[in-house]
Asks: 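Here it is, the structure in full.
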Amino acid sequence: MTEVIQAIRGMNDILPPETFLWQHVESVMRRTLQSYGYQEIRFPILEKTELFKRSIGEVTDIVEKEMYTFLDRNEESLTLRPEGTASCVRAGIEHGLLYNQTQRFWYTGPCFRYERPQKGRYRQFFQCSAEVFGFAGPDIDAELILMSATILEKLGLKPYSTLQLNTLGTPASRAEYRKRLITYFKSHKNQLDEDSVRRLDKNPLRILDSKNPAMRDLISHAPKLLDHLDEESLAHFERLQEYLRHAGVEFEVNPCLVRGLDYYTKTVFEWVTHELGTQGTVCAGGRYDGLVEQLGGKSTPAVGFSMGMERIILLIQNLHLDHKKNDFGIHAYMITDGEEAFAAGLKMANYLRSKVPNLKLVLHCGGGSLKNQFKKADKSGAQYALIIGEHELKTHSVSLKNLREDIQQQTLYSDELAEYLKLKIAKK
């Protein structure tokens, strides 16, 4: 017997009816992003490895341990994208979209990281992201955060999410703070876990983001970046907080929030929830003012965020909010009695789809008795059964039966049926 081939570990199939929930979330995100004036951009999932080494940082966990990298037939090193910002910047530079211009982009799609799969963290995972170029002030930071809050609110998730805010300052002020941090942690080296020891000289700020409970007390007494900020970064951060307060967006300042990528400067933020255990970050972002220049473009201020689709979906399911998203169900199921009736049903189904916006209509195929077809109609979850039999063929009509309510069956002509369905669907 031939061995069954299964999906790669950590790379999951998304099946109906869960795909309906994904479509709902994607639709909310797309409509919200477009309402703020963001334009969709698309780019490949495969890039030159150097792009991510230069942008993310060679001493990060992503580049050191998690990237899917291989040599192609020309012996060129290629990598499946572990995140989208670097690709977006590369595309912007390559096509001349950034220099002396302002841009608001959004995109969605898969990213890939080799790590231990668990709920909310997979080797292939999907993100929806927004990136803004050409704005240096805290005003765009505030609008971007407000937009992320709007998406969470429309999905029903905002009451279960907390906005955490911090600033990383400029590279110069962060370099000075880095020295102080190394000195502090080296004086307590015997209390550091294995990951923190490895990060100590290469990326000490990441120690602040440790999830190890045994490290909490040590981290809480570490020097605070906010105490070592340059004046410009401090003013930027204070003005951002003023904007958010004025807009009614509640937040917490978290001095240990650093993000895992090297390119961040000044503003960083995360929306976190306590409903998902350790995988509680559902949206994260910040400024990366130096990245465009770092990748070969002209100096361009930039800020963005990414939302983890799997975690958003999981949060909706855990909160049992997905039962409200039933607008993707079948409206009607067409039943026909015999070959001539099927031919009439084929034509009628297409007519109804052309006349009734957003109608979801299934035409029964494969034959079978009327009893069997009614069972299939009921199992489909459709509200209505549309029936064409001998009588309907003679009168050029369709019988309509409500499968969910005790309402008398009625017979309608094609235009009457179209108007009836249009009215019923509009009410939902």
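Counting begins at 1 with the first residue of the sequence. What's counted below: heavy atoms across the whole structure, side chains too, no hydrogens, waters or symmetry copies.
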Asks: Which residue pairs pass the salt bridge (Lys or Arg N to Asp or Glu O under 4.0 Å) test with at least one member in residues 165-175, sequence neighbours excluded?
Replies: none
Asks: Under 3.5 Å, is there a donor-acceptor pair between the side chain of Glu252 and the main chain of Asn254?
Replies: no
Asks: To the closest 0.5 Å, what do you measure between CD1 (Ile45) and SG (Cys111)?
Replies: 9.5 Å
Asks: Does a side chain donor of either Asp193 or Asn212 reach within less than 3.5 Å of an acceptor in the other side chain?
Replies: yes
Asks: What class does the angle between the rings of Tyr264 and Tyr288 fall in, given that below 30° is parallel, 30 to 60° is tilted and above 60° is perpendicular?
Replies: perpendicular
Asks: Backbone N or O of Gln294 within a donor-acceptor pair of the Arg54 side chain at under 3.5 Å?
Replies: yes
Asks: Less than 4.5 Å apart, side chain to side chain, heavy atoms only: is that true for Gln383 and Leu403?
Replies: no
Asks: Checking Tyr384 against His331: is there a side-chain donor and acceptor pair closer than 3.5 Å?
Replies: no
Asks: For Arg404, what residues pass the side-chain hydrogen bond (donor to acceptor under 3.5 Å, both in side chains) criterion, not counting sequence neighbours?
Replies: Asp378
Asks: Ignoring hydrogens and geometry beyond distance, is a side-chain donor-acceptor pair present between Ser35 and Thr32 at under 3.5 Å?
Replies: no
Asks: Show the numbers, then the answer: is there a ring pair (Phe, Tyr, Trp, His ring centres under 6.0 Å) between His24 and Phe20?
Replies: CA-CA 6 Å; His24 167 73; Phe20 297 151; over 10 Å; no
Asks: Check step by step if ring pair (Phe, Tyr, Trp, His ring centres under 6.0 Å) holds for Trp22 and Phe126.
Replies: CA-CA 11 Å; Trp22 277 74; Phe126 290 80; 5.6 Å; yes
Asks: Is any side-chain heavy atom of Ile145 closer than 4.5 Å to a side-chain heavy atom of Tyr243?
Replies: no
Asks: Assess the side chains of Glu131 and Tyr107: does a donor N or O sit below 3.5 Å from an acceptor N or O?
Replies: yes
Asks: Stepwise, does the side-chain contact (heavy atoms from CB on, under 4.5 Å) test hold for Ser233 with Thr170?
Replies: CA-CA 7 Å; Ser233 297; Thr170 62; 3.5 Å; yes
Asks: Passes side-chain contact (heavy atoms from CB on, under 4.5 Å), Ser55 versus Thr85? Steps please.
Replies: CA-CA 9 Å; Ser55 60; Thr85 300; over 6 Å; no
Asks: Is Phe133 close to Cys88 at the side-chain level, that is, under 4.5 Å between some pair of heavy atoms?
Replies: yes
Asks: For Pro138, does its backbone N or O pair with a side-chain atom of Arg239 as donor and acceptor, under 3.5 Å?
Replies: no
Asks: Would Arg31 and Ser27 count as having a side-chain donor-acceptor pair, cut-off 3.5 Å?
Replies: yes
Asks: Output the distance between atom CG (Leu46) and atom CG (Leu78), rounded to the nearest 0.5 Å.
Replies: 5.0 Å
Asks: Do you know the tightest heavy-atom contact between Gly120 and Leu314?
Replies: N-CD2, 4.2 Å
Asks: Taking side chain as C-beta onward, heavy atoms only, is Thr69 less than 4.5 Å from Ser77?
Replies: yes
Asks: Stepwise, does the salt bridge (charged side-chain N to carboxylate O under 4.0 Å, His left out) test hold for Glu47 with Arg90?
Replies: CA-CA 10 Å; Glu47 299 273 8; Arg90 190 270 310 150; 2.8 Å; yes
Asks: Tell me whether the rings of His228 and Tyr177 are parallel (<30°), tilted (30 to 60°) or perpendicular (>60°).
Replies: tilted
Asks: Answer yes or no: is there a donor N or O on one side and an acceptor on the other, between the side chain of Arg311 and the main chain of Thr281, under 3.5 Å?
Replies: yes
Asks: Checking Phe185 against Ile207 for the side-chain contact (heavy atoms from CB on, under 4.5 Å) test, could you report, in this order, the C-alpha distance in whole Å, the side-chain angles of both residues, the deciding distance, and whether it holds?
Replies: CA-CA 9 Å; Phe185 282 125; Ile207 299 176; 3.6 Å; yes
Asks: Are any non-hydrogen side-chain atoms of Asp141 and His236 less than 4.5 angstrom apart?
Replies: yes
Asks: Between Ser87 and Leu51, is there a side-chain heavy-atom distance shorter than 4.5 Å?
Replies: yes
Asks: Quick one: pull up CE in Met29 and OG in Ser129 and give me the separation to the nearest 0.5 Å.
Replies: 9.5 Å
Asks: At what distance, to the nearest 0.5 angstrom, does CG of Asp289 lie from OG of Ser299?
Replies: 7.5 Å
Asks: Would you say Lys186 and Leu200 make side-chain contact, with heavy atoms under 4.5 Å?
Replies: yes
Asks: Salt bridge (charged side-chain N to carboxylate O under 4.0 Å, His left out) between Glu115 and Arg123: does it pass, once the steps are laid out?
Replies: CA-CA 6 Å; Glu115 49 190 341; Arg123 291 176 178 175; over 6 Å; no
Asks: Carefully, step by step, assess Lys424 and Glu419 under the rule salt bridge (charged side-chain N to carboxylate O under 4.0 Å, His left out).
Replies: CA-CA 9 Å; Lys424 293 296 183 181; Glu419 288 303 314; over 6 Å; no
Asks: Would Ser369 and Asn372 count as having a side-chain donor-acceptor pair, cut-off 3.5 Å?
Replies: no
Asks: Measure the shortest side-chain to side-chain distance between Leu157 and Trp271 over non-hydrogen atoms and say whether it is less than 4.5 angstrom.
Replies: no
Asks: Between Asp227 and Lys224 (salt bridge meaning N to carboxylate O under 4.0 Å), is one present in this structure?
Replies: no
Asks: Go through Lys266 and Glu232 one step at a time and tell me if the salt bridge (charged side-chain N to carboxylate O under 4.0 Å, His left out) criterion holds.
Replies: CA-CA 10 Å; Lys266 292 185 180 174; Glu232 179 197 352; 2.7 Å; yes
Asks: Would Leu386 and Leu363 count as a side-chain contact (heavy atoms from CB on, under 4.5 Å) here? Give the steps.
Replies: CA-CA 9 Å; Leu386 308 180; Leu363 171 65; over 6 Å; no
Asks: In Å, rounded to the nearest 0.5 Å, how long is the span from CZ of Arg81 to CZ of Phe52?
Replies: 8.0 Å
Asks: Arg42: which residues meet the side-chain hydrogen bond (donor to acceptor under 3.5 Å, both in side chains) condition with it, sequence neighbours left out?
Replies: Glu40
Asks: Kindly say whether Ala86 contributes a backbone atom to a donor-acceptor pair with the side chain of Glu83 at under 3.5 angstrom?
Replies: yes
